[in-house]
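These notes are about the structure you will find just below.
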Number of protein chains: 2
Amino acid sequence: MSQSKRQSSDNAIGARLREWRSEKGMTLAAVSARTGVASSTLSKIENELVSVSYYTLKRICDGLDIPIEEIINPDHKTFAPGRRAVTRANEGTVFRCSQYVYETHSTELSRKEMIPLIMTVLARTPDDFEDWNRHDGEEFILVLDGEIDFYSEFYAPVKLKRGDSVYFDSSMGHMCCSSSEEPAKMVSVCYDPRAHQQQDVSEFFSSGRLTVVRAE
Amino acid sequence: MSQSKRQSSDNAIGARLREWRSEKGMTLAAVSARTGVASSTLSKIENELVSVSYYTLKRICDGLDIPIEEIINPDHKTFAPGRRAVTRANEGTVFRCSQYVYETHSTELSRKEMIPLIMTVLARTPDDFEDWNRHDGEEFILVLDGEIDFYSEFYAPVKLKRGDSVYFDSSMGHMCCSSSEEPAKMVSVCYDPRAHQQQDVSEFFSSGRLTVVRAE
DNA sequence: CCAGTTTTTGTCGCATAGGAAACAACCGCG
DNA sequence: CGCGGTTGTTTCCTATGCGACAAAAACTGG
């Protein structure tokens, strides 16, 4: 096959590299100098005449200060099926577990990177929980109403009042208890590195990343 | 070098693949069946006796449903310097631009995946803006006080009252105007695929991904 | 239009990634 | 013990990625 078109199975990496280079107005030689990869090789990679090795690809990205993800993962995934979703107050889908009532917003958008929840805290003491809550990623909580005692591993409990917020590594065990008269209310936004692979929130709930018992 | 230890320049990819596999309790043959990569090859890759090609690596990750980033980018970055940050109401760092007042929370944690902001909307009509707001990633907005007219490209404007929320692709032009007596207040959480690479929020602001003029 | 220069592409040789199959190391289990 | 069955490793071989160098193309300015 001397030099014919080959498997473009490394979906358009070459094209993306070339695009990057032309944007920067660099020559192959310049890229070669910065990355240590031969310019002939670069040419072949850009034209997808070879299937670049991971090691070489990494050298290129490192040398050029490109986050390798940018070259590898072009799935600039826009979530489906639209690009916007509005949820009216108290009109989200409600899930209930023993200690929280979750109201999920924007459920009609799947593949979101973040999971927004309006939560009502029923628990009043840590003893109400069997175990820590724990899920991959990060979480942001802002108290909307009432008062919350926020417990987490490695840290002392902290009391959160309306308007206070906490941001934390959610793989660290955590739990919220209401310390006010009425059940406290808060907005929680979770980021899970894998969340956007899921179709919808219920999958997120049922994946075990969030412990929830029954929907209604 | 027949079969001696080679360049581990593809920093521990093999180790990470092996770890993944042993967690799942799968055999090389099973992985081979799902990925189409020969088990002998898998063995060599895991033991880092070869420098895997990108194409093969992708086949493996795709077949196993591993986000390739997870294998490539092991900086399982826990944000620094702690794992939790509490911000009291009205005690965040305030940035001001012509149409919004941003109060950023959890600023002491860098490399967060999400950027939480309490925003006060000053603008009252779309004409107050020179252009759409636009930044990579996704954004979730929940109205805390007052009333907001949410404008975005491709969609009709929508009025949001207290407790209403909107989730949208923030690369789509968008803007918020206050339609209530007093300036409206909302919480906004942005996810930017590159945010966590940044040291702190001001970098996010100054990167041009969010247009903000001066801090105070 | 044509040297002189820069930039890209092609050629060739060598090292090596990857697949098939043989081999080794472990298992119970009779 | 020995013997199928399973799992991981090594061997052998071919296909091919990569670098050095050469040829070709694309830009120069005069």
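So you know, we letter chains A, B, ... as the sequences are listed, proteins then strands, and number each from 1.
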Fill in the blank from the handout: Of the candidates D/dT10, D/dG17, C/dT11, the side chain of A/Lys44 sits closest to C/dT11
Quick one: [X] [atom1] to [N] [atom2], roughly how many Å, whole number?
X       : N      : atom1 : atom2 : result
B/Lys58 : C/dG18 : NZ    : P     : 16 Å
B/Glu48 : C/dT16 : CD    : C1'   : 16 Å
B/Tyr55 : C/dA17 : OH    : C1'   : 13 Å
B/Tyr54 : C/dG18 : OH    : P     : 14 Å
B/Ile13 : C/dA17 : CD1   : C1'   : 14 Å
B/Glu46 : D/dG8  : CD    : P     : 8 Å
A/Asn47 : C/dT11 : CG    : P     : 13 Å
A/Leu57 : D/dG17 : CG    : C1'   : 13 Å

Strictly below 4.0 Å: does [X] bring a side-chain N or O up to OP1 or OP2 of [N]?
X       : N      : answer
A/Ser53 : D/dG17 : no
A/Ser51 : D/dT16 : no
B/Arg59 : C/dA17 : no
B/Ser40 : D/dT9  : no
B/Ser43 : D/dT9  : yes

Practice task
Report yes if the distance between the aromatic ring centroids of A/Phe129 and A/Tyr100 is under 6.0 Å, otherwise no.
Solution key: yes
Handout entry: Pair A/Phe150 + A/Phe168: ring centers closer than 6.0 Å
Key =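 So the answer is yes for these two rings.
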Answer yes if the side chains of [X] and [Y] hold a donor-acceptor pair under 3.5 Å, and no otherwise.
X        : Y        : result
A/Ser152 : B/Arg84  : yes
A/His105 : A/Glu91  : no
B/Tyr167 : B/Glu138 : yes

Problem - Separation of B/Glu113 CD from A/Glu113 CD (nearest 0.5 Å) - result: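 Going from the CD atom of A/Glu113 to the CD atom of B/Glu113 covers 8.5 Å.
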Handout entry: From CE (A/Met175) to CG (A/Asn133), nearest 0.5 Å
Key =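 Atom-to-atom, A/Met175:CE and A/Asn133:CG are 6.5 Å apart.
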Handout entry: Members of residues 20-37 of chain A that approach DNA chain C, where some heavy atom sits under 4.0 Å away
Key = A/Arg21, A/Thr27, A/Leu28
Completion exercise
Heavy-atom nearest nucleotide on DNA chain C taken for B/Ser39 and for B/Thr56; more 5' hit belongs to B/Thr56
